[in-house]
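Everything numeric here is computed off the predicted structure, so don't read it as measured data. Residue numbers start from 1 in every chain, and the chains themselves are labelled A, B, ... in the order their sequence lines are given, proteins ahead of strands.
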Amino acid sequence: MTQTPAQTELPPQYDPASSEAALYKEWLDAGIFTADPSRSRRNGGDRKPFVIVMPPPNVTAVLHMGHGLNNTVQDVIIRWRRMCGDEALWLPGTDHAGIATQNVIEKQLAGEGKTRFDLGRDAFVARTTGFVSETGGTILEQLKAIGSSCDWTRTAYTLSPELSKAVREAFVQLHERGLIYRGHRVIHWCSRCLTSLSDEEAEHSEETGALYHVSYPLTDGSGSITIATTRPETMLADVAVAVHPDDERYKHLIGKTLTLPIANVEIPIIADAEGVDPAFGTGAVKITPAHDANDFEMGTRHKLPMPVILSPEGTMANGVDAGSRVPSELLGIDRFEARERVVQMLKHLNALVKIESHTHAVRHCYRCDTVVEPRLSDQWFVKMKPLAEPALQAVRDRKIRILPERWEAVYVNWLEGIRDWNISRQLWWGHRIPVWYCDACGEVTVSRDDIANCPKCGGPARQDEDVLDTWFSSWLWPFSTLGWPNKESVDLKAFYPTDDLVTAPEILFFWVARMIMGGFAFMGEAPFHTVYLHGTVRDMKHVKMSKSLGNGIDPLDVRALFGTDALRYTVIAGLGMGADVMLDPTDLEKSFAPGRNFVTKLWNIGRFLLTNVGEETVQPLDAISADRLRRADRWILHRLNEAIAECDAALGPARPRDGVWAESELRSGLRLSEYTEAARRFVWNELADWYLESTKSRIAGGGDDSDVARAVLAHCFDSALRLLQPIVPFITDMLWRRLPIAAEDRGDFVGRAAWPQRNEKFAAEPEFELVREAINAVRQLRADYSLPPGERIHAHLDTSAGANGSRDQSVFADEGEFISRITRCEISADGTGGSEAGATILLSSGSKIVVPLAGVIDMEKECRKTKAELEKLQNQLTALEGRLDNPGFTDRAPANVVAAERQKQIEWTARREQLTQKVISLCGS
RNA sequence: GGGCGAGUAGCUCAGUUGGUUAGAGCGCCUGCCUUACACGCAGGAUGUCGGGGGUUCGAGUCCCUCCUCGCUCACCA
């Protein structure tokens with residue numbers, strides 16, 4: 001692209017729609033998002049790598065505000081680091097999302113009146129693959145639309161051949177290390193998705209159910225025992241009733257048998273101290289080993305049979321070991337309908353004692369919300385305890401920090417109670433489990449490569465039908481995407497470990513914790529040093545946005561209305577650490593006003609500034625000697641220093657020193673709203689509101705001073721645009737490329753310009769602060785007296801009382817033109833005050849501004865106001881003096897605090913004198 | 001039920017190791033179309049810092065307690 005400042009006139013209105021796509025294409029064409037592993041220090045280059053791997057969205061996903069927020073945060077961070085000179089890599093990709101994607105295709109099939117079983121496995125997988133290859137890039141294209149500066153040359157996909165290889169390697173390695181095993185136990189079963197779920201995928205939710213008390217008669221007719229259950233239909237699979245061995249109510253019955261109503265099966269009364277709480281319910285527990293995890297444990301302990309009475313679909317059936325327990329009239333009935341019927345049957349048998357209302361936690365499928373059924377089956381599990389240890393230690397040792405801090409406790413709490421991970425899914429869409437069974441000799445083979453024959457007996461080998469949990473591929477993401485298991489991979493060397501992981505708290509366990517475990521298990525190193533958990537996008541009632549609830553906002557709608565930058569600015573500015581973002585889906589205008597307003601303001605600042613600075617290249621700041629700078633120049637350059645410092649403090653440090661977070665830095669950085677506010681305040685409230693105003697006449701006046709003002713303006717705006725680029729990359733680039741700055745001081749795009757540095761030459765500028773104080777006071781006075789905005793007034797500077805008289809006179813003499821222009825008030829700077837009665841402005845320097853307002857001023861009102869001010873000050877001063885008279889304070893408070901209080905006392909006392917004088921002159925005696 | 005967190009201006013949130021006049025954005029009120037911007041400019045109002053108790057010379061900040069929300073984990077059938 002051309003280096004010449006754009007000659008084109010900036011249109012009065014910023015039109016994002018007409019420029020965003022073209023700008024993004026320029027960035028892509030220039031390859032500014034593409035990371036180069038040879039530049040990474042780890043590969044002998046001279047740059048620190050800075051890497052973020054994107055939480056891969058589902059391959060079937062469509063962009064929503066959650067993605068918008070998540071990816072904007074990552075983009076802001078990576079753009080910041082890119083400007084700071086890091087070899088920045090933001091690695092994008094998608095996730096094959098087993099259950100979700102399979103559901104999409106099954107729904108399609110249902111529309112055609114078919115099921116996946118009609119197609120068969122191969123055809124189903126082929127169809128799904130086809131669907132994904134057609135639509136799978138949608139969300140990634142949408143991410144481009146919102147400006148995401150990902151390295152698209154490295155786009156990954158969990159079901160790609162490369163990542164599938166990683167999955168298999170991981171499985172085999174863990175198996176070799178004895179950390180993967182096949183277990184026969186009760187797992188969570190979704191009867192709609194027809195698959196098992198991990199503990200994390202079966203979410204608890206509180207529900208009001210019922211506790212059914214059912215009487216089981218003793219077989220010998222000598223009485224009965226009443227059990228309590230929430231799922232009476234499962235009684236058909238009962239194999240025993242357990243009581244506590246010390247329970248006096250039942251002690252004598254242990255060893256006797258009961259006749260199970262309806263099923264008419266004889267079952268024993270057993271004693272179990274672990275599984276029975278005598279205080280709950282009736283103190284007698286029905287044991288249903290095949291349909292309850294706890295009962296399974298007891299069943300195993302007591303070597304009880306484990307009949308299955310539910311089909312995979314959740315209907316009543318006589319399954320394994322069930323004989324004819326389920327009567328024919330219940331066969332094929334859905335479990336919830338069966339519950340009602342069983343209760344009715346028990347009523348008829350006079351076996352139902354009572355029904356109590358009972359709130360308890362019921363597990364639901366996290367994908368489809370179906371009530372999860374505990375089900376006995378064979379599944380593959382990962383032994384988690386050994387994997388959790390280093391993951392726990394890494395956080396304790398501060399190799400990894402989690403922001404906001406409170407999530408660390410949640411993380412630790414979860415890992416300490418970790419349970420084995422069921423990784424088998426009875427789906428067709430996913431990584432097929434790399435295990436082969438030989439029906440001839442019974443050999444089980446775990447293999448990196450597909451096998452056709454049993455390595456032991458040569459008989460035909462049959463691969464496990466199941467696929468792996470999608471998260472089993474996700475937990476490898478930080479290194480599988482970089483080439484693992486090829487340890488010689490250049491990318492892996494250059495970019496692992498990564499730096500920040502940005503996601504929502506919902507997947508802290510599903511993904512983040514497991515990734516950390518995976519990092520240690522397969523790479524021997526933590527995958528990142530910072531986990532940044534951002535809030536959730538909610539509506540005005542604080543309800544999480546979702547398509548199904550209809551309270552969502554489409555980021556692309558927002559983009560069409562206000563532009564990408566407005567969208568990005570709004571969410572980043574509103575994103576306090578860990579705080580949720582509230583947006584109103586019914587009023588986009590209002591919701592995105594902060595971003596839209598800011599972008600418009602920035603555009604107008606740019607328009608004005610570029611017009612005034614003109615197209616002739618300005619001198620670099622370094623070429624301007626100190627004596628050419630005026631108060632306003634020094635002031636704004638100091639304010640810029642402060643803004644840079646605030647942005648840096650809010651954003652960084654980017655990484656821990658020596659791999660471990662120091663206590664002092666453990667909680668700092670990534671305060672994106674603070675960073676945004678610091679940059680906004682500089683460009684809007686300081687550069688535009690004050691400095692820009694102060695340069696108007698200087699630039700119009702021409703000459704050397706004009707060149708100085710032009711140079712300072714260009715420099716400050718250049719820096720401001722750089723500070724803002726990560727948040728609003730489009731408009732900053734549009735404006736920045738038009739700045740008339742020498743070619744050698746810039747690059748091609750602001751997106752890879754250097755992050756601004758403080759210039760210690762510029763310190764605080766109290767004389768310009770005095771000017772601002774005077775201007776503010778005059779403005780306030782004009783408003784107080786409702787002086788027409790157009791009316792010019794006159795005032796006198798009275799320096800007789802202050803210690804800075806001559807300085808103040810020269811300040812007001814020099815800056816008079818500026819003051820007068822923006823306040824329409826001429827201030828005579830001769831220091832004499834003047835004789836007319838008027839309002840008095842007391843400046844902190846000790847000088848006064850006397851504004852004669854004969855006929856306008858309301859002496860009584862002015863008197864009242866001043867008296868009130870004096871009274872308030874007097875009260876504060878009294879308290880202050882009381883403090884300073886208190887030895888308890890002066891002796892025990894730190895010296896600097898006491899000194900500050902004494903200084904304040906001097907200032908307040910002086911001001912009290914000023915005010916007292918003012919009261920006397922205004923109010924008479 | 002276990003663990004954790006929050007309650008500060010109408011709303012969303014900042015408030016560093018306790019330091020004494022508690023801040024920002026948005027919203028609200030008043031006046032202005034001042035030749036970059038009314039998506040703007042200027043001015044203004046608003047808080048017993050959830051309640052109560054305590055430690056301290058001093059508490060939004062530390063301790064106790066109560067109340068109210070939220071998150072997270074959990075096999076009380």
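- Contact annotation for A:Gly535: no contact, since no heavy-atom pair falls under 4.0 Å across all strands.
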What does the list of N/O pairs under 3.5 Å between the protein and nucleotides 9-18 of chain B look like, with a distance for each?
from, atom 1, to, atom 2, distance (Å)
B:U12, OP1, A:His542, NE2, 3.1

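- What separates NZ of A:Lys601 from P of B:C37 is a distance of 10 Å, to the nearest Å.
- For A:Arg824, counting side-chain heavy atoms from C-beta on, the closest listed nucleotide (B:U34, B:C39, B:C57) is B:U34.
- A gap of 41 Å separates the P atoms of B:C37 and B:U48, to the nearest Å.
- Rounded to whole Å, the distance from CD on A:Glu901 to P on B:G19 is 12 Å.
- Considering A:Asp295, A:Ile270, A:Leu304 as possible partners of A:Val239, the one that fulfils the side chain to side chain contact (heavy atoms under 4.5 Å, CB included) test is A:Leu304.
- A donor-acceptor pair under 3.5 Å is formed between the side chain of A:Thr570 and the backbone N or O of A:Gly595.
- Heavy atoms of A:Ala593 sit nowhere under 4.0 angstrom from any nucleic acid atom.
- Nucleotide B:G7: paired with B:C67 (Watson-Crick or G-U wobble, both distances less than 3.5 Å).
- Nearest nucleotide to the side chain of A:Arg363, out of B:G40, B:A74, B:A77: B:A74.
- Of the candidates B:A36, B:G43, B:C75, the closest approach to any side-chain atom of A:Ala688 belongs to B:A36.
- An OP1 or OP2 oxygen of B:G44 is reached within less than 4.0 angstrom by a side-chain nitrogen or oxygen of A:Gln780.
- Closest to the side chain of A:Trp684, from the set B:C57, B:G40, B:A77, is B:G40.
- When distances run from any side-chain atom of A:Phe509 to the nucleotides B:U21, B:C57, B:C73, the shortest one goes to B:C73.
- Residue-to-nucleotide contacts include a donor-acceptor pair under 3.5 Å from the side chain of A:Asn294 to the base of B:C75.
- Mapped onto RNA chain B by nearest heavy atom, A:Ala202 and A:Thr229 fall at different nucleotides, with A:Ala202 at the one closer to the 5' end.
- For A:Arg680, taking side-chain heavy atoms from C-beta onward, the closest of the listed nucleotides B:A36, B:C39, B:G25 is B:G25.
- With sequence neighbours left out, the salt bridge (Lys or Arg N to Asp or Glu O under 4.0 Å) criterion links A:Asp648 to no other residue.
- Considering only the side chain of A:Arg892, B:U56 comes nearest among B:A77, B:U72, B:U56.
- Put simply, NE2 on A:His534 is 16 Å from P on B:C71, counting in whole angstrom units.
- At the heavy-atom level, A:Asn776 lies under 4.0 Å from the strands shown only through sugar-phosphate atoms.
- When distances run from any side-chain atom of A:Arg607 to the nucleotides B:C39, B:C37, B:C57, the shortest one goes to B:C37.
- Residue A:Val897 places its side chain closer to B:G19 than to any other of B:C39, B:G19, B:U21.
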Each nucleotide N or O in nucleotides 31-33 of chain B that has a protein N or O under 3.5 Å away: list the pair and distance.
none

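- Annotation: cation-pi pair A:Arg911/A:Trp908 absent, no NZ/CZ under 6.0 Å from the ring centroid and within 45° of its normal.
- A:Ala893 comes within 4.0 angstrom of a nucleotide base, judged by non-hydrogen atoms across all strands.
- Counting non-hydrogen atoms under 4.0 angstrom, A:Gly417 reaches nothing in the nucleic acid.
- Here the separation of B:C11 from B:C63, taken at their P atoms, is 27 Å to the nearest Å.
- Within the 4.0 angstrom heavy-atom criterion, only backbone atoms of the sugar-phosphate kind lie near A:Glu677; the bases stay farther away.
- Comparing the P positions of B:G23 and B:C67 gives an interatomic distance of 34 Å, to the nearest angstrom.
- Distance from the side chain of A:Arg883 is smallest to B:U21 among B:C73, B:U21, B:C41.
- Contact annotation: A:Arg419 reaches the phosphate of B:A74 (side-chain N/O to OP1 or OP2, under 4.0 Å).
- Nearer to the 5' terminus of RNA chain B, by closest-nucleotide assignment, is the contact made by A:Asp784 (compared with the other of A:Asp784 and A:Leu211).
- Between A:Tyr366 and A:Phe510, the angle of the ring planes stays under 30°, which puts this pair in the parallel group of the 30/60° scheme.
- Rounding to whole angstrom units, CG of residue A:Asn886 and P of B:G58 are separated by 8 Å.
- A:Glu506 comes within 4.0 angstrom of no nucleic acid atom, judged by non-hydrogen atoms across all strands.
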